[in-house]
Each structure stands twice: as C-alpha cells, then as structure tokens.
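Inspection log for the structure reproduced underneath, given as structure tokens.
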Amino acid sequence: DLFVFEHGYRPAAPSLFDLLFSIFLHGGLMHLAGNMLFLWIYGDNVEHRLGPAVFVFWYLVTGVAATLFHAVFFLSSDVPLVGASGAISGVLGFYFIWFPRNTVRVLFFLPPILWHVFEIPARIVLGIYLVIDNLLPFVFAGAGGVAYGAHIGGFLAGAAAAWVMSRRGTAARARDLEREVKAALKE
C-alpha cells in the first residue's frame, strides 16, 4: 500500500514519473486480471492494425491522457490513481472506431442454473461499458474507489486518435513504416 501511495499518480502532488509509472501498478490481482481480459479481447485487433511499436506508443499516450482527464476533475485529490484501465480504455476507443461490425462473446450467468454465451456487436458492449459502467457513475457518484474519469478519458483519447488516423490513413502507413524500418535494420 505504501508503494502504491508513493508511486500512484496523485493529482494534488503531480509527478511526471508517477504519471507513467502508475499505468503499470494495480490495486490487486482482480484489478490486473480484469484489465488483462479486456486487453486480450480487444487489444490484438488494434495491435495488428497499428503494429507492435505504434501500439505501445498509443497505449502509453492514451494511458497518460486518461489519467490527466480524471485528474482535471479531482485536482485536490491525494488519492493515488493506479492501473492500466485508462490505457486499456484507449484501446477500446480505437476498437470502437476501427471495428464497428465485429462481435464479441459475452457470458451471461446466474449460477448455478443459467449459463449462456451471447454474441453481441462490439459497439453495443463498448457503448454499455462507456455509458452505463463509467459515465453514469462518474456523473452521479463522483470520486470513489474507481477512476471512472480515467476510463472515459482513455476511451475518448483512443477514439479520437483512431478517427484522426482513419481520416488521414495513417494507421496503415504506420504499419508499413514499421515493416520498412525492420527490413532496413536487418540489412
């Protein structure tokens, strides 16, 4: 807990090092597992489109944007922000823009009697994630144990970056440029 408090990003005591480092800290194994599940489901498509190096760049950029977005609303907070949720929400924003027709499998269960897997359009799942799971609690509950503002800020940053890249065609060029750089380094 002391390590998290020391190196989590605190809006009341901002630090550039903590801004980046806090993206790699988590509040526990379930926090980490939840983040990795979303990254596993949505991240591979986005990484494939961007290329690994550009993906890492945008992951970090949206993570920083997410943290700062949340911090703007809680400038005097000394509660440390930790976790990759904002960066992963940035990946979700990319996915929302670039893969509008994809579906995801969602497990619905009421143990022990009902277990069913549904295929639902990804945009509906991500819309529910953004609005019901984050925007409504952010507006009506405010600060709490979850940095809803970071989730919203990361999603918006990722969606905006994907939209701009789509308009300019830079996502395809980034992947081609990465291949050219790798080929040049091999020579």
Side-chain angles (χ1 to χ4, degrees), residues 23-24 26-67 69-70 83-141 145-179:
I23 296 170
F24 300 99
H26 285 82
L29 286 178
M30 291 305 292
H31 185 204
L32 177 63
N35 282 336
M36 294 303 101
L37 177 64
F38 271 74
L39 189 59
W40 177 52
I41 293 169
Y42 297 100
D44 61 340
N45 291 1
V46 176
E47 181 186 13
H48 180 73
R49 182 148 181 192
L50 286 172
V54 178
F55 176 81
V56 169
F57 171 78
W58 282 107
Y59 180 87
L60 294 173
V61 167
T62 58
V64 166
T67 302
F69 184 88
H70 181 80
S85 303
I88 292 170
S89 289
V91 172
L92 300 181
F94 273 96
Y95 194 97
F96 186 84
I97 298 298
W98 283 346
F99 304 100
R101 292 178 193 84
N102 284 14
T103 59
V104 293
R105 290 187 194 110
V106 176
L107 173 64
F108 177 79
F109 66 98
L110 292 171
I113 57 172
L114 181 62
W115 296 75
H116 190 72
V117 175
F118 295 95
E119 285 206 9
I120 301 175
R123 278 204 166 168
I124 290 175
V125 173
L126 295 175
I128 289 170
Y129 163 79
L130 182 64
V131 175
I132 295 174
D133 290 347
N134 290 292
L135 187 60
L136 292 177
F138 181 72
V139 170
F140 294 112
V146 177
Y148 297 112
H151 298 168
I152 296 164
F155 192 95
L156 295 175
W163 184 79
V164 168
M165 287 181 186
S166 293
R167 301 286 293 163
R168 294 184 176 174
T170 53
R173 285 195 301 244
R175 196 171 52 247
D176 294 338
L177 179 63
E178 187 172 320
R179 281 190 212 121

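A 4.5 Å side-chain heavy-atom check between Leu39 and Met36 finds at least one atom pair inside the cut-off. The side-chain heavy atoms of Ile88 and Tyr59, taken from C-beta on, include a pair separated by under 4.5 Å. Counting heavy atoms from C-beta on, the side chains of Tyr148 and Val139 never come closer than 4.5 Å. At a threshold of 4.5 Å between non-hydrogen side-chain atoms, the residues Met165 and Leu50 count as touching.
Atom CG of residue Leu130 and atom NE2 of residue His151 lie 11.0 Å apart, to the nearest 0.5 angstrom. In this structure, CD1 on Ile120 lies 6.5 Å from CD1 on Ile128, to the nearest 0.5 angstrom. From Glu119, atom CD reaches atom CG of Asn102 across 10.5 Å, with rounding to the nearest 0.5 Å. Atom CZ of Arg49 is separated from atom CG of Asp44 by 14.0 Å, given to the nearest 0.5 angstrom. Atom CD1 of Ile152 sits about 10.5 Å away from atom CG of Asp133, to the nearest 0.5 Å.
Closest approach of His26 to Ala84, counting heavy atoms only: NE2-N, 3.4 Å. Across all their heavy atoms, Val91 and Gly43 have their closest contact at CG1-CA, 3.7 Å. Across all non-hydrogen atoms, the minimal contact from Ala65 to Ala157 is CB-CB, 3.8 Å. Across Ala162 and Phe94, no two heavy atoms sit closer than the pair CB-CD2, 3.5 Å. Residues Gly86 and Ala66 approach most closely at CA-CB, 3.4 Å, considering heavy atoms. Across every non-hydrogen atom of Asn35 and Ser85, the tightest pair is OD1-OG, 2.9 Å.
Of the candidates Tyr129, Tyr42, Phe155, Phe96 forms a ring-ring contact (aromatic ring centres under 6.0 Å, His included) with just one, namely Phe155.
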Under the side-chain contact (heavy atoms from CB on, under 4.5 Å) criterion, do Ile23 and Val64 qualify, and how do the steps go? CA-CA 8 Å; Ile23 296 170; Val64 166; 4.2 Å; yes
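The aromatic rings of Phe99 and Tyr95 are tilted relative to each other, their planes meeting at an angle between 30° and 60°. Using the six-membered ring where Trp is involved, His70 and Phe138 have ring planes that are tilted, between 30° and 60° apart.
More than 12 heavy atoms of other residues, nucleotides or ligands shown are found within 6.0 angstrom of CG on Leu107.
Side-chain atoms of Trp98 do not come within 3.5 Å of backbone N or O of Val46 as any donor-acceptor pair.
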